[in-house]
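Values reported hereafter were calculated over all heavy atoms of this structure, with side chains retained and with hydrogens, waters and symmetry mates removed.
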There are 2 protein chains.
Amino acid sequence: MVGRSKAGESASTAELRFGEFLQLTTEAREFLANLFGPPQSLARQHVLRHDGDPPTHLYLLVEGWVSASLAVTSGKQQTVKIHLPGDVLGAPSLPVARAAEALTALTPVVVRSVSRADFMTAVARCPRFAVSVFLSAQKERLALMSTLALVGQTEGGSRIAGMLIDLYDRLTVLGRTEGGHMPLPLTQHQIGELVGLSPVHVNRKIREFEQAGLILRETRTVQLLDIDKLREMAGLTAHEYLRDPEWISLP
Amino acid sequence: MVGRSKAGESASTAELRFGEFLQLTTEAREFLANLFGPPQSLARQHVLRHDGDPPTHLYLLVEGWVSASLAVTSGKQQTVKIHLPGDVLGAPSLPVARAAEALTALTPVVVRSVSRADFMTAVARCPRFAVSVFLSAQKERLALMSTLALVGQTEGGSRIAGMLIDLYDRLTVLGRTEGGHMPLPLTQHQIGELVGLSPVHVNRKIREFEQAGLILRETRTVQLLDIDKLREMAGLTAHEYLRDPEWISLP
DNA sequence: CGGAGTTTTGAGGCTATTCAAAGGTCGTGG
DNA sequence: CCACGACCTTTGAATAGCCTCAAAACTCCG
């Protein structure tokens, strides 16, 4: 693992996602390594794709955070997903002529791109890949459904707790948390766009959390002091994802 | 078209969905006809699946309306999707051990079921089917993203307008609207669970809509009197879905 | 050190919620 | 066919949660 090359690391990012539900064969590893283009570095604030752009490419996020957001008339924006390393960006707009979501780098990022033609060809040619990306898409649906439930049915405190727990759990899988400690490179304004609250109200709630001893803020970082309490506030049932389920028989 | 058999009608329901993005081959038609089991009738209020149940099957909705909803602690519920004829029910829970969404018949319904094993085998064996269901899944993600944007960023009136327009457009594709007229077999409580408002507030807003001359209510039916105005209130950009895009090359 | 962006705080107002109760509608059983 | 009960809709009043506006304090980068 030590001294692995840049290309090697990128490949492992791809395997992280596409091997999530299915064991990867050596052949599939080979296949994945060549599907995505070379790593590209982009600065914070860079817009990978505006909404309305023709969705010609998908991106594999290798490093950094990216937001996917929708504009509503009245100038407001809803962030529908915070993408973390390993995520595939831009897939929801595959079946439409103009991209629905804007993709914006929240931190400096590294991505590898693939044309939608190449991506869909891979889906059609490689059953293992098809099953994998199909199940990933369903997982994303579940994530959106959970967020919708949170935003639609709970008050501010629960929403923010839910957002923190979601990011914490996902970062933990990536090995990027440590004793309740996690990176959080989001402004309070951005948190508001994520959970459907005004920046001012986000501030008051976060402040309450801190005074209640639930969290501790540092620069671009938070420490979750009472994860169980936060999880309970969010009030969502955690999902147990299946790996290599017996009911999938590949040809 | 006249005097078509029950089985024939069911098959056409399947083709409606799976031929949405791709032309169906005769072979694929054959394939689809045998994938789903026989039509089953279920009464209104019947729960096809509780949340927490093992998600052993998917369902093709042939006739009627079905809601997919998530429970949050505090006893509230968020309806994440109103399913109409042609929809596939239950797919989001494919990758998890216990179903996240409950599926409830809002009207008397007819469904055809398929085991998840058979469904996933079809994905793995038939590239055309894989591409089709993959794109359908992305379309569902877009729908959820739009709903989330509506619920997260707009006030009550816009949310209800958005819900009406969404259902109107989907029913129109199915040929079930006529001059602004559409079926609406939802209680105001259910509308509230859909858009994140209390039943009382839903009532007041709907009442306002009626007094403003935007809609006209009849039993289990609404007439949209000013569709353009409602669409503007919703404030979401409509998506242009692609059929048989040139960038999909099948083996 | 300057300036842009971010966080914090206060005040007032609006939207939506809860609770409670009355009035309707519909299906069902007598 | 009518009467009853369950559910749904409607209305009012009080309250809670959140928003907007505005300005001050702070942070970070150049």
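- Neither OP1 nor OP2 of C:dT6 sits under 4.0 Å from any side-chain N or O of A:R217.
- Checked against D:dC18, C:dT9, C:dT18, the side chain of A:H201 finds its nearest nucleotide in D:dC18.
- Here D:dC18 is the nucleotide among D:dC18, C:dT8, D:dT20 with the atom lying nearest to any side-chain atom of A:E155.
- Comparing D:dT9, D:dA13, C:dG10 by their closest approach to the side chain of B:T187 singles out D:dT9.
- Between A:R207 and A:R204, the residue anchored closer to the 5' end of DNA chain C is A:R207, taking for each the nucleotide with the nearest heavy atom.
- Note: CZ (B:R44) to C1' (C:dC26) measures 10 Å, nearest angstrom.
- Nucleotide D:dC18 holds its C1' atom 12 Å from the CD atom of A:E208, rounded to whole Å.
- Regarding contacts with the backbone of C:dT6, every side-chain N or O of A:Q190 stays at 4.0 angstrom or more from both OP1 and OP2.
- Residue B:N203 places no side-chain N or O under 4.0 Å from the OP1 or OP2 atom of D:dT9.
- Nucleotides of DNA chain D nearest to B:Q211 and B:Q45 differ in position, and the one nearer the 5' end is that of B:Q45.
- Put simply, A:Q188 has a side-chain N or O that comes within less than 4.0 Å of OP1 or OP2 on C:dT8.
- Comparing B:L186 and A:V200 by the nucleotide of DNA chain D that holds the closest heavy atom to each, the one mapping nearer the 5' end is B:L186.
- Of the listed nucleotides (C:dT8, D:dC19, D:dC18), D:dC18 has the atom at the smallest distance from the side chain of A:K205.
- Protein atom CD of A:Q153 is 14 Å distant from nucleotide atom P of D:dC18, rounded to whole Å.
- You'll find that the side chain of B:R220 is closest to C:dC26, out of C:dC26, D:dT10, C:dT6.
- Rounded to whole Å, atom P of C:dA16 lies 14 Å from atom CG of A:L197.
- The pair A:R98-A:D53 does not count as a salt bridge, with every side-chain nitrogen at least 4.0 angstrom from each carboxylate oxygen.
- The distance from atom NE2 of B:H189 to atom P of D:dA6 is 18 Å, rounded to the nearest whole Å.
- A salt bridge is absent between B:R231 and B:D226: the closest approach of a Lys/Arg side-chain nitrogen to an acidic carboxylate oxygen does not fall below 4.0 angstrom.
- Per the geometry, CD1 belonging to A:I215 stands 12 Å off P belonging to C:dT7, to the nearest Å.
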Salt bridge (Lys or Arg N to Asp or Glu O under 4.0 Å) for B:D87 and B:R170? Distances and angles first, verdict last.
CA-CA 11 Å; B:D87 284 359; B:R170 291 169 61 206; 3.1 Å; yes
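- Remark: A:E101 engages A:R49 in a salt bridge, criterion side-chain N to carboxylate O under 4.0 Å.
- To the nearest angstrom, P of D:dC7 lies 16 Å from CG of B:L106.
- Checking each of A:E193, A:Q78, A:Q77 against B:Q153 for a side chain to side chain donor-acceptor pair (under 3.5 Å) leaves exactly one that passes, namely A:Q78.
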